[in-house]
Structures are given as C-alpha cells and as structure tokens.
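As structure tokens, the structure follows; a few thoughts come after it.
Side chains included, hydrogens not; waters and symmetry mates left out as well; all remaining heavy atoms used.
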Amino acid sequence: MLRFSVFRGANLRARNLLSAAGVRTVHGHEIVKQEDMTVPMYWDRKDTPLPDIPYFKELNAEQTALKEKEKSSWTNLTNEEKVALYRVAFHQSYTEMSRKSNEWKTVVGGVFIFIGFTGLIVWWQTANVYPSQPHTFGEEWQRKQIKRMLEMRMNPIEGIASKWDYEKNEWKK
C-alpha cells in the first residue's frame with residue numbers, strides 16, 4: 001500500500017505540484033491567463049454602442065493604409081473603404097446587434113427535454129419504487145371510518161358529529 005506522508009505532501013506542495021495549476025502543468029495543459037478587468041475592453045452591446053477601444057487593436061498593412069487615407073478628405077473614400085474603416089472600429093453595427101437570434105429555440109428545447117426526462121423518472125418511480133396505496137385510502141374504509149366517528153360522536157360542537165342528525169340517521173340540511 002502506498003503511503004502519503006506529511007513530508008511527501010509538503011515536498012509536493014513546495015514544488016507546486018498539488019495545486020490545480022501544477023496538475024495542469026504536469027499534464028501539458030496551458031494555464032489560462034485571467035483577463036485584466038481594469039483595462040478598457042471591447043464590447044458589442046446595445047446599451048453602450050460606443051465601446052472604449054476599437055475592435056482591432058493591431059492593424060494589418062491594408063488597414064493602416066486605410067487609416068492614413070482617412071486623415072484626408074472623406075469624399076475621396078469609396079463606400080467600401082468607409083465600411084472597412086467602420087469595421088476596424090466596430091465588429092457589428094447597431095442593426096446587426098439588434099437582429100433576433102434563434103437561441104430561444106435551443107433554450108425551450110432544452111427545458112422540454114429536461115421536463116420530459118424528469119417526467120420519465122417520476123413515472124418510473126411511481127411504477128417501480130413507490131408502494132401501492134394503503135387500504136385506508138379505499139372508499140369502503142373511509143365510509144367505515146366516518147360511521148365509526150359518528151358512533152363515537154367525535155367533535156359534537158363544530159366537527160363531523162355536529163352535521164349528523166342522530167334521530168333521522170342522515171346528514172343535516
């Protein structure tokens with residue numbers, strides 16, 4: 001049997017092999033760097049349509065040439081160049097952000113699958129796990145129980161015995 005002594009654990013801990021990052025490193029997975037939330041980030045959102053920074057941080061040669069051409073008169077730019085300049089700064093237009101998606105179908109489908117699977121489990125438990133109803137739930141047993149309660153005159157002021165006429169042997173009207 002392998003023994004894991006305190007000294008072995010302390011040694012592994014000191015070499016950072018017991019942590020999650022250590023295990024990922026040993027198995028060849030890269031460690032994902034956490035995003036710095038203090039620097040401005042690009043967002044495509046309808047409530048804030050002007051993000052803090054442009055969509056492309058590093059420009060290629062064609063985009064750099066377009067940016068230089070942008071500094072001159074905009075009448076010299078073609079419509080395709082204006083659209084390309086817009087796409088340097090923004091990933092989507094406001095109209096594209098407002099476009100409806102079909103994601104709701106996936107969500108509703110997932111909910112129906114979950115409800116259906118849960119229904120199958122409940123049905124299976126009712127058929128195979130739960131015991132049958134006790135005999136005290138039957139109509140005959142309940143009639144006998146009510147008759148017994150009336151014979152014992154249970155709750156004669158406000159209860160079941162107050163609603164029974166003992167002289168006529170029927171329920172009061």
Q) Judged by atom type as modelled, is there a donor-acceptor pair below 3.5 Å linking the side chain of Glu96 to the main-chain atoms of Ser93? A) yes

Could you give the side-chain donor-acceptor pairs of residues 110-124 under 3.5 Å, partners two or more places apart or in another chain?
| unit_1 | atom_1 | unit_2 | atom_2 | d |
| --- | --- | --- | --- | --- |
| Thr118 | OG1 | Phe114 | O | 2.8 |

Q | Trp74: hydrophobic cluster co-members (side-chain, 4.5 Å) | A | Leu66, Leu77, Leu85

Q: Show the numbers, then the answer: is there a salt bridge (charged side-chain N to carboxylate O under 4.0 Å, His left out) between Lys67 and Glu70?
A: CA-CA 5 Å; Lys67 283 300 237 180; Glu70 175 189 27; 3.4 Å; yes

Q: Would you kindly confirm whether Tyr86 and Tyr55 end up in one hydrophobic cluster when ILVMFWY residues are joined by side chain heavy atoms under 4.5 Å apart?
A: yes

(Q) Counting C-beta onward and ignoring hydrogens, is there a side-chain heavy-atom pair between Val83 and Glu80 closer than 4.5 Å? (A) no

Throw together a table of side-chain donor-acceptor distances under 3.5 angstrom for residues 157-173, partners on residues two or more places apart or in other chains.
| unit_1 | atom_1 | unit_2 | atom_2 | d |
| --- | --- | --- | --- | --- |
| Ser162 | OG | Gly159 | O | 2.6 |
| Lys163 | NZ | Glu158 | O | 3.4 |
| Asp165 | OD1 | Glu167 | N | 3.3 |
| Tyr166 | OH | Leu150 | O | 2.8 |
| Lys172 | NZ | Ser162 | O | 3.1 |

**Q.** Shared-cluster residues of Met97, by chain and number - hydrophobic side chains joined below 4.5 Å
**A.** Tyr94

**Q.** Heavy-atom neighbours of Lys144 NZ exceed 12 at 6.0 Å
**A.** no

(Q) Are Lys105 and Val108 packed together at the side-chain level, in the sense that at least one heavy-atom pair is separated by less than 4.5 angstrom? (A) no

N/O donor-acceptor pairs under 3.5 Å from side chains in residues 56-63, not counting sequence neighbours:
| unit_1 | atom_1 | unit_2 | atom_2 | d |
| --- | --- | --- | --- | --- |
| Asn60 | OD1 | Glu62 | N | 3.3 |
| Asn60 | OD1 | Gln63 | N | 2.8 |
| Gln63 | OE1 | Asn60 | N | 3.2 |

Q) Among side-chain atoms of Asp44 and Tyr42, is any donor-acceptor pair under 3.5 angstrom? A) yes

Q: Enter the distance from Glu81:CD to Asn76:CG here, rounded to the nearest 0.5 Å.
A: 9.0 Å

Q.
Side chains of Gln145 and Met149, heavy atoms from C-beta outward: is any pair under 4.5 Å?
A. yes

Taking only distance into account, with no hydrogens and no angle test, what donor-acceptor pairs under 3.5 Å do side-chain atoms of residues 45-52 form with protein atoms, sequence neighbours excluded?
| unit_1 | atom_1 | unit_2 | atom_2 | d |
| --- | --- | --- | --- | --- |
| Arg45 | NE | Asp47 | OD1 | 3.0 |
| Arg45 | NH2 | Asp47 | OD1 | 3.3 |
| Arg45 | NH2 | Asp47 | OD2 | 2.6 |

Q. Are Trp141 and Met154 connected in a single hydrophobic cluster, I mean Ile/Leu/Val/Met/Phe/Trp/Tyr linked by side-chain heavy atoms less than 4.5 Å apart?
A. no

